[in-house]
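Since the structure comes first, as structure tokens, the remarks are kept for the end.
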There are 2 protein chains.
Amino acid sequence: MQKNKETKNFGAYMDRTIKLIKWKYTQAFKEANIDITTEQWVLLDSLSQKDGISQNELGNGSFKNAPTVSRIIDLLCKKGLTKREPSPNDRRKHHIFLTSKGKKTYQKVLPVVEDLRRKGWNGLTHEDYQQFIRIMDQIFSNFEES
Amino acid sequence: MQKNKETKNFGAYMDRTIKLIKWKYTQAFKEANIDITTEQWVLLDSLSQKDGISQNELGNGSFKNAPTVSRIIDLLCKKGLTKREPSPNDRRKHHIFLTSKGKKTYQKVLPVVEDLRRKGWNGLTHEDYQQFIRIMDQIFSNFEES
DNA sequence: CAACAATATTTGTCATAGCAAATATATTAA
DNA sequence: TTAATATATTTGCTATGACAAATATTGTTG
């Protein structure tokens with residue numbers, strides 16, 4: 001006998017919402033004439049906080065695996081927004097730095113992203129945010145532990 | 001003057017959580033010896049509720065665009081889980097049906113998915129679910145309308 | 001030191017996703 | 001009816017993401 005018969009298909013809601021969010025980011029970047037993807041923005045944002053960290057650290061901070069980070073950094077380097085520098089201490093590592101163009105781009109994108117974040121949370125309160133974080137963290141740890 | 005200075009980076013939480021959810025689904029399918037991906041499951045699930053719908057309808061129900069649906073159905077057909085049948089009314093359309101193998105697979109996957117859904121919501125209440133849906137819907141409509 | 005294990009990154013392959021364009025068919029308008 | 005338009009699907013291209021394996025380097029252990 002199944003006790004809790006009604007299961008919650010929360011994944012579909014998150015999937016739907018996150019797809020729309022990413023699409024909105026893409027549109028907003030396009031409108032602002034910024035040639036960058038949402039995921040590239042995620043790494044630029046990490047670098048703006050800790051410039052010079054390794055690809056490994058970038059991956060940990062953004063929940064991306066090593067190959068994905070490697071390829072996104074490839075693209076960012078091609079666009080001239082970041083540069084790789086070999087670590088003097090550990091020659092397996094690369095330190096990733098924002099170039100001056102990368103810093104300029106970051107400054108240009110930041111207000112666009114802040115607008116999107118504000119707009120996305122419109123009609124919701126700080127208490128809602130605490131609920132949101134609590135629920136997300138609970139789901140995360142439900143799956144993480146096992 | 002920026003009034004609401006503190007913006008909420010809710011996207012990162014959702015991104016992190018949904019990645020873990022998908023990974024758990026993948027692992028669970030593997031452990032149950034079910035050769036299927038999470039996104040393939042999404043379409044099987046739609047078909048189990050409305051067998052014979054078009055790819056277009058499948059896409060609307062799952063927030064996937066037409067090319068993505070087309071390719072996932074290709075794979076499901078290759079695996080023998082679905083079949084395409086030309087619509088007699090409108091020869092542009094295909095009706096997609098679960099094969100008997102597809103139905104068997106669905107029945108095999110369903111309890112695994114229900115376990116995952118229950119496990120994912122562990123420690124959370126039905127009220128939490130209502131909060132969750134409310135917040136997701138609000139974010140969605142914040143972006144949808146504009 | 002030599003062998004082995006661990007770590008950081010890269011490369012290859014496949015699945016998913018978005019976008020644009022091609023194709024086929026259906027609908028509407030002139 | 002023909003021409004223009006709209007719809008359903010497919011195909012090509014690129015980005016992201018997961019996984020496995022290859023490579024380079026570092027750390028550990030005998």
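Lettering follows sequence order; numbering is per chain, from 1.
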Between A:Val69 and A:Gln27, the residue closer to the 5' end of DNA chain C by nearest nucleotide is A:Val69
Would you check, one step at a time, whether the test salt bridge (Lys or Arg N to Asp or Glu O under 4.0 Å) holds for B:Asp15 with A:Lys64?
-> CA-CA 10 Å; B:Asp15 184 54; A:Lys64 297 185 188 307; 5.1 Å; no
Between P of C:dT28 and CG of B:Asp90, the distance in whole Å = 12 Å
A:Ser70 side chain near C:dT10 phosphate (N/O to OP1/OP2, under 4.0 Å) | yes
Whole angstrom value for the distance that separates P of C:dG18 from CG of A:Leu20 | 11 Å
B:Trp41 has an atom CH2; how far is it from atom C1' of C:dA15, in whole Å?
-> 19 Å
Within the structure, does a side-chain N or O atom of B:Arg84 lie under 4.0 Å from either OP1 or OP2 of D:dA8?
-> no
Base, sugar-phosphate, or nothing for B:Ser54, non-hydrogen atoms under 4.0 angstrom?
-> sugar-phosphate
Could you tell me whether A:Thr68 contacts a base, only the sugar-phosphate backbone, or nothing, with contacts defined as non-hydrogen atoms closer than 4.0 Å?
-> base
Whole angstrom value for the distance that separates C1' of D:dG17 from CZ of B:Arg16 | 18 Å
Could you tell me whether the phosphate oxygens of C:dA17, OP1 or OP2, come under 4.0 Å of any side-chain nitrogen or oxygen in A:Lys19?
-> yes
Heavy-atom donor-acceptor pair, B:Arg92 side-chain to D:dT7 base, under 3.5 Å | yes
Do the rings of A:Phe10 and B:Trp121 sit parallel, tilted or perpendicular, given the 30° and 60° boundaries?
-> tilted
Give A:Asn65 one of three labels, base, sugar-phosphate or nothing, depending on what nucleic acid heavy atoms sit under 4.0 Å from its own.
-> base
Closest-nucleotide 5' rank along DNA chain C - winner of A:Thr26 and B:Glu39 = B:Glu39
Ignoring hydrogens and angles, answer whether the base of D:dG12 and the side-chain atoms of B:Arg71 contain a donor-acceptor pair closer than 3.5 Å.
-> yes
Round to the nearest Å and state the distance from B:Ile73 atom CD1 to C:dA15 atom P.
-> 14 Å
Just checking, is any N or O donor in the side chain of A:Asp45 or A:Gln49 under 3.5 Å from an acceptor N or O on the other one?
-> no
OP1 or OP2 of C:dA17 sitting under 4.0 Å from any side-chain N/O of A:Trp23?
-> no
Nucleotide D:dA18, atom C1' - distance to NZ of B:Lys30 in whole Å = 9 Å
d(CD1, B:Ile21; P, C:dT16) in whole Å | 17 Å
Any N or O donor-acceptor pair linking the side chain of A:Arg91 to the base of D:dT25 at under 3.5 Å?
-> no
Does B:Lys64 make a side-chain N or O approach to OP1 or OP2 of C:dA17 shorter than 4.0 Å?
-> yes
Does any donor atom in the side chain of B:Thr68 or B:Asn65 lie under 3.5 Å from an acceptor atom in the other side chain?
-> yes
Please state how far atom NZ in B:Lys93 lies from atom C1' in C:dT27, giving the value in whole angstrom units.
-> 13 Å
Has B:Lys8 got its NZ or CZ under 6.0 Å from the middle of the six-membered ring of A:Tyr129, at an angle within 45 degrees of the ring axis?
-> yes
